[in-house]
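Notes for the one structure printed next.
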Amino acid sequence: MMHIGLLIIRLVVGLTFVGHGAQKLFGWFGGYGLKGTGGWLESIGLKPGTTMALLAGLAEFVGGLLFALGLFTPFAAFLIAATMIVAIVKVHAPNGFWVTQNGFEYNLVLIAVVVGIALIGAGDYSLDAILR
């Protein structure tokens, strides 16, 4: 049952990040695409905005896809955790902990999940397990 639990966690978290990356890269799911996201990133001091939007979008999209598949899971977790750390530092930390005040609570939970999975492994229902 543990491996099914790991699969569920990987699929939900990974595919959520794929969606967030697609918002930034392609403007899907109500996102603003590279130009819109880039403009916002510039407004918070991340320049050049479009390049930063591309990097963040790729980290989320690729990291999420790899995490969902359980492929190169530690690398996938690194990509996801890195984007969440930037989000905490640049956006959420000044607002405190609680997400209800736009704080970093949710980002920290996501970091804990991906790092935890990276440390214990993606489970038997993963491409990492097949490639061992």
Side-chain angles (χ1 to χ4, degrees):
M1 294 306 285
M2 177 185 75
H3 299 288
I4 293 171
L6 291 170
L7 175 64
I8 291 168
I9 293 167
R10 285 194 352 265
L11 288 174
V12 170
V13 172
L15 294 177
T16 298
F17 272 96
V18 169
H20 278 279
Q23 288 176 318
K24 290 172 181 67
L25 295 172
F26 314 118
W28 296 354
F29 312 117
Y32 298 103
L34 287 175
K35 186 175 180 182
T37 303
W40 178 75
L41 290 174
E42 288 222 6
S43 78
I44 63 168
L46 292 171
K47 298 179 182 179
T50 304
T51 301
M52 298 307 284
L54 176 64
L55 292 174
L58 286 172
E60 290 177 348
F61 192 88
V62 172
L65 185 59
L66 291 173
F67 196 77
L69 294 171
L71 179 62
F72 310 124
T73 304
F75 177 67
F78 169 79
L79 291 174
I80 292 169
T83 61
M84 291 298 93
I85 290 168
V86 172
I88 289 170
V89 170
K90 294 303 287 181
V91 179
H92 300 288
N95 302 314
F97 181 73
W98 300 109
V99 74
T100 51
Q101 277 72 50
N102 199 29
F104 62 91
E105 167 191 7
Y106 183 64
N107 308 91
L108 185 61
V109 168
L110 291 169
I111 291 168
V113 168
V114 299
V115 170
I117 298 291
L119 291 173
I120 64 172
D124 286 348
Y125 304 118
S126 69
L127 292 179
D128 284 345
I130 292 170
L131 296 174
R132 295 187 243 177

Compile the donor-acceptor pairs under 3.5 Å between side chains in residues 50-77 and protein atoms, sequence neighbours left out, one pair per line.
from  : atom 1 : to     : atom 2 : distance (Å)
Glu60 : OE1    : Gly21  : N      : 3.4
Glu60 : OE1    : Lys24  : NZ     : 2.9
Glu60 : OE2    : Lys24  : NZ     : 3.3
Thr73 : OG1    : Asp128 : OD2    : 2.6

Side chains of residues 100-120: which donor-acceptor partners sit under 3.5 Å, not counting sequence neighbours?
from   : atom 1 : to    : atom 2 : distance (Å)
Asn102 : OD1    : His92 : ND1    : 3.3
Glu105 : OE1    : Val99 : N      : 2.9

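In this structure, Leu15 and Val12 have side chains that are not in contact, with every pair of non-hydrogen atoms separated by 4.5 Å or more. The shortest distance between side-chain heavy atoms of Tyr125 and Leu6 does not fall below 4.5 Å.
Heavy atoms of other residues, nucleotides or ligands lying less than 6.0 angstrom from CZ of Phe97 number more than 12.
Partners of Trp28 by ring-ring contact (aromatic ring centres under 6.0 Å, His included), not counting sequence neighbours, listed by chain and number: Phe26.
The NE2 atom of His20 sits 11.0 Å away from atom CD1 of Ile80, with the distance rounded to the nearest 0.5 Å.
Between Ala129 and Ser126, the shortest heavy-atom distance links the atoms N-OG, 3.1 Å.
Both Leu79 and Leu127 sit in one connected hydrophobic cluster of ILVMFWY residues. Membership requires side-chain heavy atoms under 4.5 Å apart, directly or through other members. Hydrophobic clustering (side-chain heavy atoms under 4.5 Å, transitive across Ile, Leu, Val, Met, Phe, Trp, Tyr) keeps Ile85 apart from Ile44. Under a hydrophobic clustering in which Ile, Leu, Val, Met, Phe, Trp and Tyr are joined whenever their side-chain heavy atoms come within less than 4.5 Å, directly or via other members, Leu11 and Ile9 fall into different clusters.
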